[in-house]
Asks: 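Below is one structure. I have some questions about it.
The structure displayed is predicted, hence computed values, not measured ones.
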Amino acid sequence: DLPALSIPNVWESASTNGMRVLGIEQTELPVVNFSVTVSGGQALDAKDKLGTAFLMAQLMNEGTANKTPQQLEEAIGLLGASIRVSAGKESVSIRGNTLAKNFEATLALVNEILLQPRWDPSEFERLKARRLTSIKQAQGNPNAIASQAFMKQLYGADHLAGSPTGGTQSTVSEISLEDLKRYYTANMTPKNAAFHVVGDVKQAEVEKALLQLSAWDGDQVTIPEQPTIKNVEKPKLYFIDLPNAKQSVIYIGKTVVSGHDKYFYPIEFANMRLGGGI
């Protein structure tokens, strides 16, 4: 017999500013895990400045208008919590976890991080330099080279999936602090956001705590359509010569279905059970 799949009860509501809210109450441990996910990410970067969303998210971790990076880190630590802002190809996320008793206080810090970025010029220059160094190091990493080449062959250079996450040496070099501020103002909106929460907290408590984010506002942003992908009709073989490499990396694959296809999540689940998870 097929194993039974037990799906927890998920409640859903919306905040006063238009953010979608989904939650699962789980009382086994007195902790809460949560995330604020804003659709867009690198998909909304200017083509000649890929990496803008990535750098903006990193900079939002470095203090707030009222707290230095050290003070923010201490405030999070005193609550027994963790909060981290990150950006990928399709979204910007603030993820965190905390003790259930400190959930509301932790969201107060999320509100401060989200609505009062520090925009410190020296921290920006440091993060930009670190990103450029990381990109340069990846140019000698067989795994990174193979991964980027594989995705580019599958999706093409004009598709979001075919571009390297976080940008390239040339695009990141062109990014300024003002570019980060423009991205933030134009694209960080609750109407493109969802709040997910799992843990020892009731729906009413979540909705009450989220009132702290009611000052966050903005219009809905349209995410650009991506080029249509053509499936590979005949097998193709590509070699990348990396002199003096200590290892070889092999990628084999093809595109299957769109993320909007009804079979996308069943395929994802099957992959996790058959080879991607335990």
Side-chain angles (χ1 to χ4, degrees), residues 15-17 19 21 30-38 40-41 44 51-88 91-134 166 172 175-190 192-199 201 205-218:
S15 63
T16 56
N17 56 10
M19 179 171 62
V21 184
V31 295
V32 179
N33 290 272
F34 63 87
S35 67
V36 181
T37 303
V38 184
L44 295 173
T52 302
F54 188 94
L55 278 176
M56 181 204 69
Q58 287 196 319
L59 188 58
M60 288 177 71
N61 290 301
E62 302 301 325
T64 67
N66 300 316
K67 291 181 176 67
T68 64
Q70 293 76 18
Q71 289 170 335
L72 178 60
E73 185 177 343
E74 289 171 4
I76 295 171
L78 286 172
L79 295 174
S82 69
I83 303 171
R84 193 71 188 168
V85 188
S86 61
S91 64
V92 176
S93 297
I94 304 176
R95 301 182 184 277
N97 60 71
T98 185
L99 299 172
K101 65 179 182 179
N102 293 333
F103 176 63
E104 191 166 347
T106 302
L107 278 195
L109 290 177
V110 170
N111 180 59
E112 188 174 339
I113 292 169
L114 184 59
L115 298 186
Q116 302 177 58
R118 192 170 181 83
W119 303 130
D120 187 303
S122 60
E123 287 293 336
F124 166 72
E125 293 298 337
R126 179 182 67 82
L127 292 171
K128 180 177 176 178
R130 188 174 73 180
R131 180 66 194 142
L132 288 169
T133 299
S134 178
V172 172
I175 297 172
S176 68
L177 181 57
E178 291 305 312
D179 291 320
L180 270 58
K181 293 179 182 180
R182 279 191 287 269
Y183 183 102
Y184 172 89
T185 301
N187 303 318
M188 293 295 286
T189 167
N192 276 56
F195 183 86
H196 297 85
V197 59
V198 178
V201 61
E205 295 172 327
V206 173
E207 291 172 343
K208 177 177 178 289
L210 284 175
L211 290 174
Q212 298 176 95
L213 299 182
S214 59
W216 183 26
D217 201 6

Asks: Quick check: does any side chain N or O of Ser93 sit under 3.5 Å from a backbone N or O of Arg95, one acting as donor and the other as acceptor?
Replies: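 No; judged by distance alone, with no hydrogens or angles, the pair does not exist.
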
Asks: With a 4.5 Å limit on heavy-atom distance, are the side chains of Arg130 and Leu127 in contact?
Replies: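 Arg130 reaches Leu127 side chain to side chain.
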
Asks: Go through the steps to decide whether Gln71 and Thr64 satisfy the test side chain to side chain contact (heavy atoms under 4.5 Å, CB included), and finish with yes or no.
Replies: CA-CA 9 Å; Gln71 289 170 335; Thr64 67; over 6 Å; no

Asks: If you apply the rule salt bridge (charged side-chain N to carboxylate O under 4.0 Å, His left out), what do you find for Arg118 with Glu62, and how did you get there?
Replies: CA-CA 7 Å; Arg118 192 170 181 83; Glu62 302 301 325; over 6 Å; no

Asks: What do you reckon, is NZ of Lys181 surrounded by more than 12 foreign heavy atoms closer than 6.0 Å?
Replies: yes

Asks: Say you draw a straight line from CD1 of Ile94 to CD1 of Ile83; how long is it, rounded to the nearest 0.5 Å?
Replies: 8.5 Å

Asks: If you look at every heavy atom in Gly40 and Leu44, which pair is closest and at what distance?
Replies: CA-CD1, 3.6 Å

Asks: Hey, what do you get for NZ (Lys128) to CG (Leu177), rounding to the nearest 0.5 Å?
Replies: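 If we round to the nearest 0.5 Å, Lys128:NZ and Leu177:CG are 10.0 Å apart.
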
Asks: How long is the straight-line distance from CD1 of Ile76 back to CG of Asn102, given to the nearest 0.5 Å?
Replies: 12.5 Å

Asks: Could you give the distance from CD (Glu104) to CG (Leu210), rounded to the nearest 0.5 Å?
Replies: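 So the CD of Glu104 and the CG of Leu210 are separated by 9.5 Å.
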
Asks: Restricting to non-hydrogen atoms, name the atom on Tyr183 and the atom on Gly41 that form the minimum distance, rounded to 0.1 Å.
Replies: OH-O, 2.7 Å

Asks: For the CD atom of Glu125 and the CG atom of Asp120, what is their distance to the nearest 0.5 Å?
Replies: 10.5 Å

Asks: Could you go through Arg131 and Phe54, starting from their C-alpha distance and side-chain angles, then the distance that decides it, and tell me whether this counts as side chain to side chain contact (heavy atoms under 4.5 Å, CB included)?
Replies: CA-CA 9 Å; Arg131 180 66 194 142; Phe54 188 94; 3.5 Å; yes

Asks: According to side chain to side chain donor-acceptor pair (under 3.5 Å), does anything in residues 78-87 pair up with another residue at least two apart or in another chain? List the pairs.
Replies: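 Residue pairs with at least one partner in residues 78-87: Ser82-Asn97.
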
Asks: State, without any angle test, whether Ser15 and Asn17 hold a side-chain donor-acceptor pair at a distance under 3.5 Å.
Replies: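 The answer is yes; a qualifying pair exists.
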
Asks: For the pair Ser214 (side chain) and Leu211 (backbone), establish whether a donor and an acceptor sit closer than 3.5 Å, ignoring hydrogens and angles.
Replies: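 Here the side-chain-to-backbone pair exists.
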
Asks: What ring-ring contact (aromatic ring centres under 6.0 Å, His included) pairs are there with at least one residue in residues 106-130, not counting sequence neighbours?
Replies: Trp119-Tyr184

Asks: Where is the tightest heavy-atom contact between Asn61 and Leu72, given as atom of each residue plus distance?
Replies: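 For Asn61 and Leu72, the tightest heavy-atom pair comes out as O-CD2, 3.8 Å.
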
Asks: Would you call Arg126-Glu123 a salt bridge at under 4.0 Å N-O?
Replies: yes

Asks: In Å and rounded to the nearest 0.5 Å, what is the NZ to CD1 distance from Lys67 to Ile113?
Replies: 9.0 Å

Asks: Please walk me through it: do Val206 and Phe195 pass side chain to side chain contact (heavy atoms under 4.5 Å, CB included)?
Replies: CA-CA 10 Å; Val206 173; Phe195 183 86; 4.0 Å; yes

Asks: Grab the two heavy atoms, one from Asn111 and one from Gln212, that are nearest each other, plus how far apart they are.
Replies: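 Distance-wise, the nearest heavy atoms are OD1-O, 3.0 Å.
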
Asks: Could you pull out the closest heavy-atom pair between Gly51 and Ile175, with the gap in Å?
Replies: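 Scanning both residues completely, I find the closest heavy atoms to be C-CD1, 3.5 Å.
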
Asks: Tell me the closest heavy-atom pair linking Ala53 and Val92, and the distance in Å.
Replies: CB-CG2, 4.5 Å

Asks: What's the verdict on side chain to side chain contact (heavy atoms under 4.5 Å, CB included) for Glu207 and Val21, showing C-alpha distance, side-chain angles and the deciding distance?
Replies: CA-CA 9 Å; Glu207 291 172 343; Val21 184; 5.7 Å; no

